[in-house]
Amino acid sequence: MARFEGRQNEGHMVVGHDAGVSSAPFAACRVPATRAHLSKDSLRIDMEIQFPKKEKKKAKAWSAAKRNTGSMLSHIFTEQKYPEPVYFQSVDCVGIPHFLSPKECRKIIDFAEAQGFSRQNRHRVLNMMWSDLIDPFLVEALWQVCGLGWFLRKLTIDGEVPCGLNDVVRIQKFGPGGVFGKHTDQPVRRADGRNSKYSLRIFLNGKDEAFEGGLSAFHVAFRPKPVVFEPEAGLALIYPQGEFCQVQEELEVWTDATPFRDGYKYSDLVEKLLNKEPEGDLGKGRNPAWRKEKKMTAISWLRPLCNRRVEGPVL
């Protein structure tokens, strides 16, 4: 405690400090120490100054839920969706109308355009551009927020259950004259033991956006004409890969030459992954009676999950 004394002298206060108190705090001022003399006109002031104790700053503990995880594209999906799929019996294919909104499709296209495209060209066989988005947060959002996981929650195929999508999303871009000849999608087998049995294709724009043609054709055995799907923004198709995959083809795209319109068809393609069926309670309820049917195509496993079934691709 520092004690200060003062006296009034001709209208001024003369202040000094007690000689018994260390003058270290005043050393820097280089003022000679003086002693106040008390008289009847003196005013005595006792003052105590306490400095607050320094507290160590606590490090902020951020939980995993509060961390800013995700990517630019994963944050475009803000509302939980529950798909209403349609099973197309003529082609063994499942369609999900309005799987993505036009606004979500546009953002994916803009992101791919900013990243840039590579070109593949083989005369009369392949003429397209592509851009791979390696984004695990995007595919997790497609699986969780857009409702694919919910739609496939009770599916089991040969002891395997759906567990997500492949991290690589391929954006395909078809300009004037763009084609993709007859082909089949092949399964992906990853080093972690997961593999794919289905392809997920999403049309990112429709034919009303300055292009004509660009139909997606499936050549079904014993049918004289292919089954064709017209591009529609946000429409998703799920179909099998490998031995059960129908021969498919992207027909030629042409434009109407309208100014200020790009005239390109966009779609994305990603593989659906399967994993070993979990043991215990997690595996219960995934083995319905129709699993015992023989000679079933791969996509037929999805048919019982669709409440609506139609013959052809008319939504």
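Starting from 1, each residue takes its place in the sequence as its number. Just so you know, these numbers use all the heavy atoms, side chains as well, and skip hydrogens, waters and symmetry mates.
A centroid separation of 6.0 Å or more is found between the aromatic rings of F244 and Y239. Aromatic rings from F203 and Y266 are positioned such that their centres are separated by 6.0 Å or more. You'll find the ring centres of W150 and Y82 inside the 6.0 Å limit.
Residue H219 places its NE2 atom among more than 12 non-hydrogen atoms of other residues, nucleotides or ligands, all under 6.0 Å distant. The local environment of CZ in R190 is crowded, with over 12 non-hydrogen atoms from other residues, nucleotides or ligands closer than 6.0 Å. Annotation: E79, atom CD; neighbour count of heavy atoms from other residues, nucleotides and ligands within 6.0 Å does not exceed 12. Summarising the local packing, CD of E84 is surrounded by 12 or fewer heavy atoms from other residues, nucleotides or ligands at distances under 6.0 Å.
There is a path of hydrophobic side-chain contacts, each under 4.5 Å, that joins L200 to I157. A chain of hydrophobic side-chain contacts below 4.5 Å, direct or via other Ile, Leu, Val, Met, Phe, Trp or Tyr residues, connects L165 to V145. Linking ILVMFWY residues whenever their side-chain heavy atoms come closer than 4.5 Å, directly or via other members, leaves V188 and Y198 in distinct clusters. Note on V169: it clusters hydrophobically with M72, by side-chain heavy-atom contacts below 4.5 Å among ILVMFWY residues. There is a path of hydrophobic side-chain contacts, each under 4.5 Å, that joins L237 to V86.
Counting all heavy atoms, side chain and backbone alike, P240 lies closest to D92 at CD-O, 3.7 Å. The two residues C163 and R194 have their closest heavy-atom pair at SG-CD, 3.3 Å. Of all the heavy atoms in A233 and C105, the pair that sits closest is C-SG, 4.3 Å. Of all non-hydrogen atoms in P231 and L215, the two that sit nearest each other are CD-CD2, 4.0 Å. Smallest separation of non-hydrogen atoms from S74 and S71: OG-N, 2.8 Å. Counting all heavy atoms, side chain and backbone alike, Q172 lies closest to M128 at CG-CE, 3.5 Å.
Taken to the nearest 0.5 Å, the CG atom of L204 stands 15.5 Å off from the OH atom of Y264. Interatomic distance, CZ of R303 versus SG of C306, reported as 10.0 Å (0.5 Å rounding). Going from atom CD of E140 over to atom SG of C146 covers 11.0 Å, rounded to the nearest 0.5 Å.
A donor-acceptor contact shorter than 3.5 Å is absent between the side chain of S267 and the backbone of I202. At distances below 3.5 Å, not a single donor-acceptor pair connects side-chain atoms of H75 with backbone N or O atoms of L73. Counting only distance, with no hydrogens or angles, the side chain of K182 and the backbone of Q248 share no donor-acceptor pair below 3.5 Å. In this structure, the side chain of Q144 does not engage the main chain of A141 through any donor-acceptor pair within 3.5 Å. Between the side chain of Q115 and the backbone N or O of D132 there is at least one donor-acceptor pair closer than 3.5 Å. The closest donor-acceptor contact from the side chain of Q241 to the backbone of D185 lies at 3.5 Å or more, if one exists at all.
For the pair I171 and I109, the minimum side-chain heavy-atom distance is 4.5 Å or more. Looking only at side-chain heavy atoms (C-beta outward), V253 and P176 stay at 4.5 Å or farther from each other. With a 4.5 Å cut-off on side-chain heavy atoms, I238 and F151 count as touching. Side-chain contact between P226 and V220 is absent, with no heavy atoms from C-beta onward closer than 4.5 Å. Side-chain contact check for L100 versus L142: some heavy-atom pair is nearer than 4.5 Å. N127 is not listed as a side-chain neighbour of Q120, based on a closest heavy-atom distance of 4.5 Å or more. Looking only at side-chain heavy atoms (C-beta outward), F174 and E250 come within less than 4.5 Å of each other.
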(message) Under the criterion side chain to side chain contact (heavy atoms under 4.5 Å, CB included), I'd like the reasoning laid out for S196 against N166: C-alpha separation, chi angles, the key distance, then a yes or no.
(response) CA-CA 8 Å; S196 69; N166 197 13; over 6 Å; no
(request) Begin with the C-alpha distance, continue with both residues' side-chain angles, and end with the deciding distance and a verdict on side chain to side chain contact (heavy atoms under 4.5 Å, CB included) for D110 and I108. (result) CA-CA 5 Å; D110 292 343; I108 294 175; over 6 Å; no
(request) Check the pair F218, S90 against side chain to side chain contact (heavy atoms under 4.5 Å, CB included), reporting the backbone distance first and the verdict last. (result) CA-CA 10 Å; F218 289 80; S90 60; over 6 Å; no
(request) Check the pair E249, F180 against side chain to side chain contact (heavy atoms under 4.5 Å, CB included), reporting the backbone distance first and the verdict last. (result) CA-CA 6 Å; E249 181 180 13; F180 192 175; over 6 Å; no
(request) Decide yes or no on side-chain hydrogen bond (donor to acceptor under 3.5 Å, both in side chains) for N195 and E160, but give the supporting numbers first. (result) CA-CA 10 Å; N195 63 90; E160 295 181 322; 3.1 Å; yes
(message) Go through it in stages, so that I can follow the logic: the residues are K81 and E104, the test is salt bridge (charged side-chain N to carboxylate O under 4.0 Å, His left out), and I'd like the CA-CA distance, side-chain angles, deciding distance and then a yes or no.
(response) CA-CA 13 Å; K81 302 178 184 180; E104 293 166 346; 2.8 Å; yes
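Under the rule for a side-chain hydrogen bond (donor to acceptor under 3.5 Å, both in side chains), the partners of T184 that lie at least two apart in sequence or sit in another chain are Q186.
Checking S216 against R201 by side-chain atom types alone, a donor-acceptor pair falls below 3.5 Å.
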